[in-house]
Amino acid sequence: MSAKTLLRSGLIHTAAALRVDEIALGLQRTCVRHGASPVMHVIEMHETPEKDEQHLRRQLEWVAQRFTLVDLKTFGHLWKEYRIDSSHWKKPPVLFTFDDGRLNNYTVAARVLESFGARGVFFVVPEFVQCRGEESRRFYYSRIDTREFPPNLPDDETRSMTAENIADLARRGHSVGSHTYSHANLASLPESQLQHEIVASAEQIAGWTGQAVDAFAWTFSWDSITPGAWKLIQRHHRYCFAPCPGSVDCRADSPGLIWRTEVETAYSAADYRFMYAGLADPLWRGKRERLKTMLKAD
Ligand SMILES: [Zn+2]
C-alpha cells in the first residue's frame with residue numbers, strides 16, 4: 001500500500017470515527033436552507049454489477065435520507081432558481097451519472113435508481129455499443145479499462161448496453177450523454193479526430209434515443225482535455241462534466257464545467273460518506289483551479 005493510500009484511508013476512518021462527515025453534511029444542509037451556499041453534488045459511478053446491487057441499494061438509502069435525488073432536467077433548472085433562493089430545499093440536490101455505458105448500468109443501476117423515484121445520466125460510447133461478442137471484451141480492456149493488470153471480469157461485466165437498451169433508458173426518463181465515440185483520450189487526439197469523437201458521437205446517440213444529447217463527460221483523467229476539444233463540446237452540448245471531484249456551487253460554477261465526485265458501489269460506508277460530505281473537495285481544489293486556468297473557463 002502506498003503512503004498516499006495509507007494517508008487517505010487514515011483520514012477517512014478518522015473522519016468516520018469522529019462523525020466529521022455527519023457534521024459536514026449538517027452544515028451543508030443548514031447553508032442550503034438559509035440560502036448561504038447553493039451547493040449541489042454530481043456522482044460519477046462506473047461498474048454496477050449484480051453482485052453489488054445490495055451495496056448500491058444501501059448506499060442510496062443513506063443518500064436519500066440526506067440529499068434530494070434529481071434528474072438532469074431538474075439539475076439544469078436549478079442553475080437558474082436554486083442559485084437565487086435555495087431556502088425551500090431541505091436537502092441538497094444530488095445527480096447520479098454512470099460512465100462507459102456498461103450493460104450492468106442498464107440492468108442494475110437504472111432499476112435501483114427508479115426504485116428511489118430517481119433518474120440518472122448514462123454516458124455511453126457508441127463504438128463500444130456496436131461491439132459484438134468477443135469484440136466487447138477486447139474493446140473493454142483496450143479502450144476503457146487500460147490498467148496494466150486489469151481485473152479478470154466475467155464476460156457479462158465487460159459488455160456494453162445495446163442501442164435498444166439506450167432507447168429504453170431515454171423512454172423511461174433517464175438522460176443519455178456522450179463519453180466520446182470510442183472512449184478516446186481527448187488530450188492526445190489529433191485535432192482532425194475531434195469532430196468524430198465529439199460531434200458524430202452525439203449524432204449517433206441522438207439517432208438511438210430520438211432526443212438531443214445535452215450532456216458530455218470526457219474520459220480518463222481530470223486533465224485529459226484541451227481548450228479546443230472543450231470549446232467544441234460546448235458548441236454541441238449544454239452540460240460538460242469533468243472527472244474532477246468537487247461540490248458544484250451554482251453561483252460560482254458553470255454548466256460548461258461541472259465537477260463530479262467518484263463514488264463506486266463497492267465503497268465502504270466510511271468511504272462513501274467521506275465523499276458525499278465533500279471532505280475530499282479541498283484535496284482537489286488545486287486541480288479544479290488548474291483546469292479552469294488551462295481551459296480559460298473563468
Ligand atoms: Zn470512461
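Each ligand, and each atom within it, is numbered from 1 in the order the structure gives. This is a predicted model, so every value here is computed, not measured. FYI, side chains are in, hydrogens and waters are out, and symmetry mates aren't considered; it's all heavy atoms of this structure.
- F67 and W62 have tilted rings, their planes meeting at an angle from 30° to 60° on a 0 to 90° scale.
- Pairs passing the salt bridge (charged side-chain N to carboxylate O under 4.0 Å, His left out) check and including a residue from residues 112-130, sequence neighbours excluded, read E114-R172.
- Not counting sequence neighbours, the partners of T219 by the side-chain contact (heavy atoms from CB on, under 4.5 Å) test are H179, T180, H183.
- Screening residues 66-75 for salt bridge (charged side-chain N to carboxylate O under 4.0 Å, His left out) gives E22-R66 as the qualifying pairs, with residues at least two apart or on separate chains.
- Proximity of a side-chain donor or acceptor of T162 to a complementary backbone N or O of N165 within less than 3.5 Å is detected.
- Taking each heavy atom of F122 and N105 in turn, the nearest pair found is CE2-O, 3.6 Å.
- Ordered by chain and number, D100 OD1, H179 NE2, H183 NE2 make up the set of protein N, O or S atoms under 2.8 Å of the Zn ion (ligand 1).
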